[in-house]
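Scroll down for the structure; my scribbles are underneath it.
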Amino acid sequence: MSDLVKSKSNFIRDIIDEHNQTGRFGGKVHTRFPPEPNGYLHIGHAKSICLNFGIAKDYGGLTNLRFDDTNPTKEDVEYVESIKANIRWLGFDWDDREYFASDYFETLYDCAVQLIKKGKAFVCHLSADELRDYRGTLTEPGRESPYRNRTVEENLDLLTRMRQGEFPDGYCTLRAKIDMGSPNFNMRDPVMYRILHAEHHRTADDWCIYPMYDYAHCVSDSVEGITHSICTLEFEDHRPLYDWFLDELEIFHPQQIEFARLNLTYTVMSKRKLLQLVKEGFVTSWDDPRMPSLSGMQRRGYTPSAIKSFAEIIGVAKNNSIVDMELLEHVLRDDLNQHATRRMAVLRPLKVIIDNYPEDKEESFEVPDFPQDPDRQTKRSVPFSNVLYIESEDFMENPPAKYYRLAPGKEVRLMNAYYVTCTEVVKDEAGQVTEVHCTYDPESRGGMSADGRKVRGTIHWVSARHAVDAEVRLYDMLFTKPNPYEVEEGGDFTDNINKHSLEVLKGCKLEPNLAFAEVGQSFQFMRNGYFCLDMVDSKPGSLVFNRTISLVDSWAKMQK
RNA sequence: UGGGGCAUGGUGCAACGGCAGCACACCGGACUUUGAAUCCGUGGAUCCAGGUUCGAAUCCUGGUGCCCCGGCCA
């Protein structure tokens, strides 16, 4: 094992190492990522994707993409397409190993016939309610179905007629014959097939009986030669059933391994709840930048590499835990700080007039694009003139003691340009500062004074004459509590939504180079943070930027 | 005495009988053409009680706490 793999030590790798030592799978490692196409992928899925693809890659194995499409009433091709796009975006490749559980419907049917012939499955006419009653309780065993001891011939005949569509939905089910006295509910004669006269997004109306997850998943894994079937903790109780089907069918037997799903502070990680947000209009779509969906994060400006290193750094265990959102933002900031293009932009403009700079003069400064990236030392030219915009928060008429940006009588550095000193403040009738006058030091061109005197403050600016107008959208955390599931009695989780999670700023002033920004490109706008040119709403002439990082503690500060 | 699973700084993850370590967060300092970033540093943890052992986060016994399971969802 390489040091790299060793450094990623986790219990799943321990299990695989043991298999490799005992030779259980002949040294082979083959995983799969098996989403149900009933919603968009979110950051929690990214953990699973990185795990499955990452482990297989490190052990020289392969990973399949398989859609677990056994419930046609919830699934849709829209989801299939978005899932594939998201995985590709993350940078993982499943080559031609793209499968669907529905590919195996015929195989699954054949296996069911086998189980019936073996006396291990039967057709049951108990209604859903009756079945629940017969299943028993946590402390009491269940009762056997009155249909449990039909003959093989009768069961075979009934299954055939189920498939042929003779019966309406819910008329009967095919059940495995295991043990109604088992303390594990999953073993109390679980349903294998139910009747569903529904249009399937791939098999259309070929079938009106559909296999249940527990039955379909293990057989699908087996058929594909999956060695390690990695799933989340809630399936631990299902493993005995997973094993039972494969043992009874006497087919290739993968190992199911369970890990704890990802929980993030401030973040809802439930497809059902996320769907609710879309349907009830809390967000505009699945790829709304406030959504924790991968599509939303992409639009927000998250990078695949940041998400992958996040998955790496949070590790894998069986502990139920909640990872701090700050860690995700740290990893992204780390990536963007080095690789995002640096630009100047003024979100809330304040006009600055440099009185001793000639009105008709123009010059430009060469400014590095990636000051933190040693591999990319490219520069761009930024125009300068006598009228500028600065961030209104970078000026204070009556500054507190430790404020060292612009203020009356104070000198600051205009980033990469000149030292300026504030000489006059102009206000409107309401007393609002409308513009500020300064003088500049011609000797300080480039941002260094000739006499070596230092200024503490450095601020960004944009030439008014050259600026590009834009709209900037500030997306904040959608949820206002570290754990959005902690709701008051009788409340819905949406009660915890931050109603001000979107602020639209119009009239933002950008340096002209930003007119050539590419959709999806992330930028670092000096003190204002990171932004991404929106992929959906942007039209020529109206640049729309989404804020990439919203500081979690902005919420904490608001609370004070 | 239903069954299954999990407990390590504030948070997440390591250590697999041998000096409890890493990251985030917090705090302090240095540096800085943004107060960001970067660099350096401090503090802080093995759920409890027994037992085995020269030695226990790790093994054993008994507690405690939390999570999951009674869909014809996955």
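In what follows, chains carry the letters A, B, and so on, assigned in the order in which the sequence lines appear, proteins first and then strands, with residues in each chain numbered from 1. Predicted, not measured: the structure shown is a model, and the values here were computed from it.
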Item to check | Residue-phosphate contact under 4.0 Å: A:Thr73 side-chain N/O, B:C73 OP1/OP2 | outcome: no
Checklist outcome for this item: Of all heavy-atom pairs linking A:Ile178 and A:Asp189, the shortest is N-OD1, 2.7 Å
Checklist outcome for this item: With B for base contact, S for sugar-phosphate-only contact and - for none (protein heavy atoms under 4.0 Å), nucleotides 5-11 of chain B reads SSSS--S
Item to check | Separation between the P atoms of B:C26 and B:A36, rounded to whole Å | outcome: 11 Å
Next on the checklist: Heavy atoms from C-beta onward define the side chain here; which of B:U33, B:A74, B:C68 lies closest to that of A:Met212?
Outcome noted: B:A74
Item to check | No-H, no-angle donor-acceptor pair, A:Asp14 side chain to B:C16 base, under 3.5 Å | outcome: yes
Checklist outcome for this item: Taking B:C72, B:C73, B:U33 as options, the one with an atom nearest any side-chain atom of A:Thr173 is B:C72
Item to check | N or O in side chain of A:Arg272 less than 4.0 angstrom from B:G71 OP1/OP2 | outcome: no
Checklist entry - Between A:Tyr404 and B:G35, do the rings stack, that is, sit under 5.5 Å apart with planes less than 30° off each other? => result yes
Next on the checklist: Heavy atoms only, 4.0 Å cut-off, all strands: where does A:Tyr403 land among base, sugar-phosphate and nothing?
Outcome noted: base
Checklist entry - So with a 6.0 Å cut-off around CZ of A:Arg261, is the heavy-atom count from everything else above 12? => result no
Checklist entry - For the rings on A:His19 and A:His228, is their centre-to-centre separation under 6.0 Å? => result yes
Checklist outcome for this item: Closest to the side chain of A:Tyr213, out of B:A74, B:A36, B:U33, is B:A74
Item to check | Between C1' of B:G70 and CG of A:Asn186, the distance in whole Å | outcome: 10 Å
Checklist entry - Taking the six-membered ring for Trp, are A:His125 and A:Tyr171 ring centroids under 6.0 Å apart? => result yes
Checklist entry - Contact class for A:Val331 (heavy atom, under 4.0 Å): base, sugar-phosphate, or nothing? => result nothing
Checklist entry - Does B:A74 have OP1 or OP2 sitting under 4.0 Å from an N or O in the side chain of A:Arg194? => result yes
Checklist entry - Less than 6.0 Å separating the ring centroids of A:Tyr440 and A:Tyr418? => result yes
Next on the checklist: Distance check needed: B:C24 P versus A:Asn263 CG, whole Å only.
Outcome noted: 22 Å
Checklist entry - Within the structure shown, what part of the strands sits under 4.0 Å from A:Asp237 by heavy-atom distance: base, sugar-phosphate, or nothing? => result base
Checklist entry - From the list B:U33, B:G71, B:G2, which nucleotide is the closest neighbour of the side chain of A:Leu138? => result B:G2
Next on the checklist: Students often get this wrong, so: under 4.0 angstrom with heavy atoms, is A:Arg413 touching a base, only sugar-phosphate, or nothing?
Outcome noted: base
Item to check | A:Arg188 side-chain N/O to A:Arg135 backbone N/O, donor-acceptor pair under 3.5 Å | outcome: yes
Checklist outcome for this item: With the side chain defined as heavy atoms from C-beta on, A:His330 is closest, among B:A25, B:C72, B:G12, to B:A25
Checklist entry - Using 30° and 60° as the class limits, which term best fits the ring planes of A:His200 and A:Phe105: parallel, tilted or perpendicular? => result perpendicular
Checklist entry - Contact class for A:Arg188 (heavy atom, under 4.0 Å): base, sugar-phosphate, or nothing? => result nothing
Checklist entry - According to a 3.5 Å limit on both distances, what stems of 3 or more consecutive Watson-Crick or G-U pairs are formed with RNA chain B? => result B:2-7 with B:64-69, B:10-13 with B:21-24, B:27-30 with B:38-41, B:47-51 with B:59-63
Next on the checklist: Between B:A37 and B:C73, how many Å separate the two C1' atoms, rounded to a whole number?
Outcome noted: 48 Å
Checklist entry - Can you check the A:Glu258 CD to B:A74 C1' distance for me, whole Å? => result 15 Å
Checklist entry - Out of B:A74, B:A14, B:G35, which has the shortest distance to the side chain of A:Phe235? => result B:A74
Checklist entry - Of the candidate nucleotides B:A74, B:A14, B:A23, which contains the atom at the shortest distance from the side chain of A:Leu327? => result B:A23
Next on the checklist: For a quick test of reading the model: is some side-chain N or O of A:Thr458 closer than 4.0 Å to OP1 or OP2 of B:U32?
Outcome noted: no
Checklist entry - Looking across every strand, which nucleic acid part, if any, lies under 4.0 Å from A:His238 by heavy atom: base, sugar-phosphate, or nothing? => result base
Item to check | Atom C1', compared across B:U58 and B:U53: separation rounded to whole Å | outcome: 13 Å
Checklist entry - Taking atom P of B:A15 as reference, at what distance in whole Å does atom CZ of A:Phe11 sit? => result 12 Å
Checklist entry - A:Phe259 pairs by side chain to side chain contact (heavy atoms under 4.5 Å, CB included) with which of A:Asn319, A:Thr232, A:Asn10? => result A:Thr232
Checklist entry - Hey, does the side-chain of A:Asn184 have a donor or acceptor N/O within less than 3.5 Å of a partner on the base of B:G4? => result no
Checklist outcome for this item: Closest of B:A74, B:U33, B:A23 to the A:Ile313 side chain is B:A23
Checklist entry - Is the shortest side-chain N to carboxylate O distance from A:Glu258 to A:Arg239 below 4.0 Å? => result yes
Item to check | Value in whole Å for how far the P atom of B:A74 lies from NZ of A:Lys273 | outcome: 19 Å
Next on the checklist: Let's go through A:Phe545 and A:Leu510 carefully: what are the C-alpha distance in whole Å and the side-chain angles of both, what is the deciding distance for side-chain contact (heavy atoms from CB on, under 4.5 Å) to 0.1 Å, and is it a yes or a no?
Outcome noted: CA-CA 11 Å; A:Phe545 289 86; A:Leu510 315 182; 3.5 Å; yes
Checklist entry - Could you state the CG-C1' distance from A:Leu51 to B:C13, rounded to the nearest angstrom? => result 13 Å
Checklist entry - With a non-hydrogen cut-off below 4.0 angstrom, is A:Leu241 in contact with a base, only sugar-phosphate, or nothing? => result nothing
Next on the checklist: Is the distance between the ring centroids of A:Phe479 and A:Tyr266 under 6.0 Å?
Outcome noted: no
Item to check | Protein-nucleotide distance (A:His45, atom NE2; B:A74, atom P), rounded to Å | outcome: 15 Å
Checklist entry - Among A:Gln256, A:Gln255, A:Glu224, A:Arg32, which one satisfies side chain to side chain donor-acceptor pair (under 3.5 Å) with A:Ser229? => result A:Arg32
Item to check | Under-4.0 Å side-chain N/O to phosphate OP1/OP2 contact, A:Arg132 with B:G71 | outcome: yes
Item to check | For atom OH of A:Tyr134 and atom P of B:G71, their distance in whole Å | outcome: 16 Å
Next on the checklist: I'd like the C1' distance from B:G5 over to B:G28, given in whole Å.
Outcome noted: 42 Å
Checklist entry - How should the glycosidic conformation of B:G10 be described, syn or anti, under the criterion that syn lies within 90° of 0? => result anti
Item to check | SB check A:Asp441 A:Arg453 (cutoff 4.0 Å) | outcome: yes
Next on the checklist: Considering every strand and a 4.0 Å limit on heavy-atom distances, what is the contact class for A:Lys271: base, sugar-phosphate, or nothing?
Outcome noted: nothing
Checklist entry - Which nucleotide, B:G12, B:C24, B:U32, lies nearest any side-chain atom of A:Lys454? => result B:U32
